[in-house]
Amino acid sequence: MTSKQIRQKYLNFFKKQGHVIIPSASLIPENDPSSLFTSSGMQPLVPYLTGETHPEGARLTNSQKSFRSGDIEEVGDNRHNTFFEMLGNWSLGDYFKKEQLRWLFEFLIKEIKLDPKRIYATVYSGNKEIGVEQDNESVEIWQELFKEAGIEAMDYDNVEKAGMRDGRIFYYGDERNWWSRSGEPANMPIGEIGGPDSEVFYDLGADLKRHENSKWKNEPCHVNCDCGRFIEIGNSVFIQYIKTKSGFEQLKQKNVDFGGGLERITMVSQKKDNVFETDLFENILEKIKELSGNKNYRDHTRAFEVIADHLKGACFLMGDDKGIAPSNVDQGYIIRRLIRRAVRFGRKLGINNIGWTKEVAEIVISDYEYIYGELKRNKEFILSEMEKEEKKFQKTLEKGEKMIKDEIIDGESAFNLFQTYGYPIEMTIEIAQERNIKLSDDFYKEYNEALKKHQELSRTASAGKFKGGLADSGEETTKLHTAAHLLLESLRRVLGGHVCQRGSNITAERLRFDFNHGEKLSDQEKHKVEDMVNEQINKKLDVTVREMSLEEAKKQGATGVFESKYGEKVKVYTIGKGEDAFSMEICGGPHVKNIGNLGKFKIKKEKSSSAGVRRIKAVLEFC
Ligand code: SER
């Protein structure tokens, strides 16, 4: 079966069970500040999992484009990709465990004909502290299903230490069998949803001997041990909890969120043991072979796989209608990293001809345009940005490589390499590792300091250039900066928790604030927001700042940008104290110490800034 057939079979199968096939959402999330990319099918559906009605009903299915930047360095291990397609089906408060596990099993063994003897399941072992029990219901359902397939399915605990003992169903805790966008229960910020999950694994076979050669060789092998023998091919999450200040509460509805990687399902169905050996990569690898002067994939697996994965990822990210190009920030930085890393691995294969990445991109587009039409629409953009980025880097590649030569490298040098030669820091670290070069003890700190110094210098330069040095404007700007925190929190309380900051620009005269929200604000909403901000100002609340780890900040429910780059600690500004605390936000500052003399907050304008993003202009008037 081809990947195209598998995708279609899955969608049709769930359509038969009353699901509506919905299109893939954009890879660049609209309303989700917690991540740069759509990394799972449930992300765009969060409002509906929490109770809003979906226009297409309570049963949905799709193939969602997904991107996980955290897996960049995992590529090459037989099962990870940065870009992948996630086959998904959802019950929005409709069916639950019984239907979900049965349909999934049926799809796997009847529709795509996997051998049930190679299938294993895992379930949540429970956590008393958060009041969630062991998932015995799923165990019973799985046992029944396996029995129908002629298999007696024993369930076992403690598998990490005791091994699999001929079992079929295994219990794991928070780390493995709980799912939320931010991982296990303890890491979830307040307001986040999640729940226990049940994963399905496929046994690639003991004869692969991956375990014997792996770093886990002295530990018992089990489905989740990461040795590569067992591969997770799907995850049914039972999203039924929301984290609140006082603990975990049941959501209004019990949901199912299933996701399974198309690449992996195709891989096991095509009886391969590496995602790159499926038809989803065939043409791309063939092109790389040609470009490399007929080098063999088997002899250079890692380089072939990194190039294939990264250029495909870059194509899809740039092919999204949002028009994001390589840059030094946010999503653009990841695209830059992908292309540059591919170029570096290309050089290892001896591919030096300028413009080669574009040729790979053309293959990606022609392979996928039949399902993702945006690639076709944005073809010119993808190809020209790819070419520009490659050229820019090719020019400095060699010089940069030569700079990484000492026994030890410090953070300041890594920053200079980025500034001068465009070496993303991760790439510098990777090259250092390849060459056995150590990182200095304070590597990240040094890097951050150099970055900060650079930013301050450029800020001073531009302030001097454009404003002729408005030294005494500092205080007014600071006031407006604090007002922006009050504004964000008020918007969240008036319009809803989906509101997140999308950018701001503050001068001594006014603040400009972008945030995500689908509609124009009514006059009433604007007044409510203004009143709420002014009410806080009248309370003369103190502003305090604390430093803490990003994890801790999230745990305490701070808003703000969670994708902090380097450095463990973040600053959290709180307006008000204890019960009276109004806002808590991750921010670099500076802020006023007390908001009592901010003046009167007034919204001057509210308009659209881009799709799904609104812009407010506001001032502080003095009474
Ligand atoms: N959201 C879950 C996951 O990403 C299942 O779709 O694994």
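Excluded from the calculations below are hydrogen atoms, water molecules and symmetry mates; all remaining heavy atoms, backbone and side chain alike, are included.
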Step by step, work out the side-chain contact (heavy atoms from CB on, under 4.5 Å) result for H591 and V545.
CA-CA 9 Å; H591 285 280; V545 57; over 6 Å; no
If you look at every heavy atom in C587 and H481, which pair is closest and at what distance?
SG-NE2, 3.6 Å
Got a second to check how far L36's CG is from L27's CG, nearest 0.5 Å?
12.0 Å
Does a sphere of radius 6.0 Å around NZ in K539 hold more than 12 heavy atoms from other residues, nucleotides or ligands, not counting ones at 6.0 Å or beyond?
yes
N516 side chain to C500 main-chain N or O, any donor-acceptor pair under 3.5 Å?
yes
Parallel, tilted or perpendicular: which one describes the rings of H54 and Y48, with boundaries at 30° and 60°?
perpendicular
Sub-3.5 Å donor-acceptor pair from the side chain of Q64 to the main-chain atoms of A25, do we have one?
yes
For I190, is there any backbone N or O sitting under 3.5 Å from a side-chain donor or acceptor partner on K245?
no
Does E385 form a salt bridge (charged side-chain N to carboxylate O under 4.0 Å, His left out) with K388? I'd like the steps, not just the answer.
CA-CA 5 Å; E385 289 299 329; K388 263 198 282 181; 3.1 Å; yes
Tell me whether the count of non-hydrogen atoms from other residues, nucleotides or ligands lying under 6.0 Å of NZ in K593 goes above 12.
no
Looking only at the side chains, is there a donor atom on one of Q100 and S236 sitting less than 3.5 Å from an acceptor on the other?
yes
Can you find a heavy atom in the side chain of S40 that is under 4.5 Å from one in the side chain of W179?
yes
Whether the side chain of K252 engages the backbone of G51 through a donor-acceptor N/O pair (distance < 3.5 Å, no angle test) should be reported.
no
Enclosure of E73 CD (heavy-atom neighbours >12, cutoff 6.0 Å):
yes
Taking all non-hydrogen atoms of both residues into account, name the closest pair between K97 and S138 and its distance.
CD-OG, 3.5 Å
Would the number of heavy atoms belonging to other residues, nucleotides or ligands and lying under 6.0 Å from NZ of K445 be above 12?
no
When rounded to the nearest 0.5 Å, the distance separating NZ of K528 from CG of L521 is 11.0 Å
R493 bridged to E489 by N-O distance under 4.0 Å
yes
L417 backbone acceptor or donor facing T420 side chain under 3.5 Å
no
When the ring planes of W178 and F248 are compared, do they come out parallel, tilted or perpendicular, using 30° and 60° as the limits?
perpendicular
All heavy atoms of N177 vs all of S198, minimum pair found to be ND2-CA, 4.1 Å
Check: R502 main-chain N/O paired with D514 side-chain donor or acceptor under 3.5 Å:
no
Given side-chain contact (heavy atoms from CB on, under 4.5 Å), test T428 with F418 step by step and report yes or no.
CA-CA 9 Å; T428 300; F418 179 54; over 6 Å; no
I want to check something: taking the side chain as every heavy atom from C-beta on, are N89 and Y95 in contact at a cut-off of under 4.5 Å?
yes
Do E446 and S440 pair up side chain to side chain, a donor and an acceptor below 3.5 Å, judged on atom types alone?
yes
If you apply the rule side-chain contact (heavy atoms from CB on, under 4.5 Å), what do you find for R546 with Q556, and how did you get there?
CA-CA 12 Å; R546 275 176 307 153; Q556 297 202 9; 3.4 Å; yes
By ring-ring contact (aromatic ring centres under 6.0 Å, His included), which residues pair with F96, not counting sequence neighbours?
F238
Residue pair Q501 / E585, side-chain heavy-atom distance below 4.5 Å
yes
Counting only heavy atoms from other residues, nucleotides and ligands, does the tally under 6.0 Å from CD of E175 exceed 12?
no
Distance-only, no hydrogens or angles: does the R492 side chain make a donor-acceptor pair with backbone N or O of V499 under 3.5 Å?
yes
Over 12 non-hydrogen atoms of neighbours within 6.0 angstrom of CG in D441:
no
Holding to ring-ring contact (aromatic ring centres under 6.0 Å, His included), I want the full list of residues that pass it with F415, two or more places apart in sequence or in another chain.
Y447, H454
Which pair of heavy atoms, one from S180 and one from G194, lies closest together, and at what distance?
CB-CA, 4.1 Å
For N255 and L49, indicate whether the former's side chain and the latter's backbone hold a donor-acceptor pair under 3.5 Å.
yes
Applying the side chain to side chain donor-acceptor pair (under 3.5 Å) criterion to Y124, which one of D174, D135, N136 satisfies it?
D174
Distance-only polar pair, side chains of T38 and Q43, donor-acceptor under 3.5 Å
no
Side chain of E552, backbone of S549: donor and acceptor closer than 3.5 Å?
no
Listed by chain and number, what are the ring-ring contact (aromatic ring centres under 6.0 Å, His included) partners of H310, not counting sequence neighbours?
none
Heavy-atom check, side chain of L488 versus side chain of F513, under 4.5 Å
yes
Could you measure the distance from the CG atom of D257 to the CG atom of L60? Nearest 0.5 Å is fine.
11.0 Å
Shortest non-hydrogen contact between F84 and S39, atoms and distance:
CZ-O, 4.1 Å
Once you round to the nearest 0.5 Å, how far does CG of L251 lie from CD1 of I239?
8.0 Å
Taking E606 as the fixed residue, which of R615, K617, R614, R512 is the one that meets the salt bridge (charged side-chain N to carboxylate O under 4.0 Å, His left out) rule?
R614
Within a radius of less than 6.0 Å around CD of E160, do more than 12 heavy atoms belonging to other residues, nucleotides or ligands occur?
yes
Nearest 0.5 angstrom please: D71 CG to T82 OG1, how far?
8.0 Å
I need the F258 CZ to E199 CD distance, nearest 0.5 Å.
10.5 Å
Strictly distance-based, threshold 3.5 Å: is any side-chain N or O of T61 a donor or acceptor partner for the main-chain N or O of G88?
yes
Looking at every non-hydrogen atom in both residues, tell me the closest pair between A432 and I409 and how far apart they are.
CB-CG2, 4.3 Å
Could you walk me through whether E530 and K526 pass the salt bridge (charged side-chain N to carboxylate O under 4.0 Å, His left out) test, one step at a time?
CA-CA 6 Å; E530 279 177 346; K526 276 190 277 188; over 6 Å; no
Determine, stepwise, if the pair R340 / E430 fulfils salt bridge (charged side-chain N to carboxylate O under 4.0 Å, His left out).
CA-CA 13 Å; R340 295 187 174 202; E430 188 175 43; over 6 Å; no
State, without any angle test, whether N416 and S413 hold a side-chain donor-acceptor pair at a distance under 3.5 Å.
no
Residues I324, D330; criterion side-chain contact (heavy atoms from CB on, under 4.5 Å); working and verdict
CA-CA 10 Å; I324 297 188; D330 302 334; over 6 Å; no
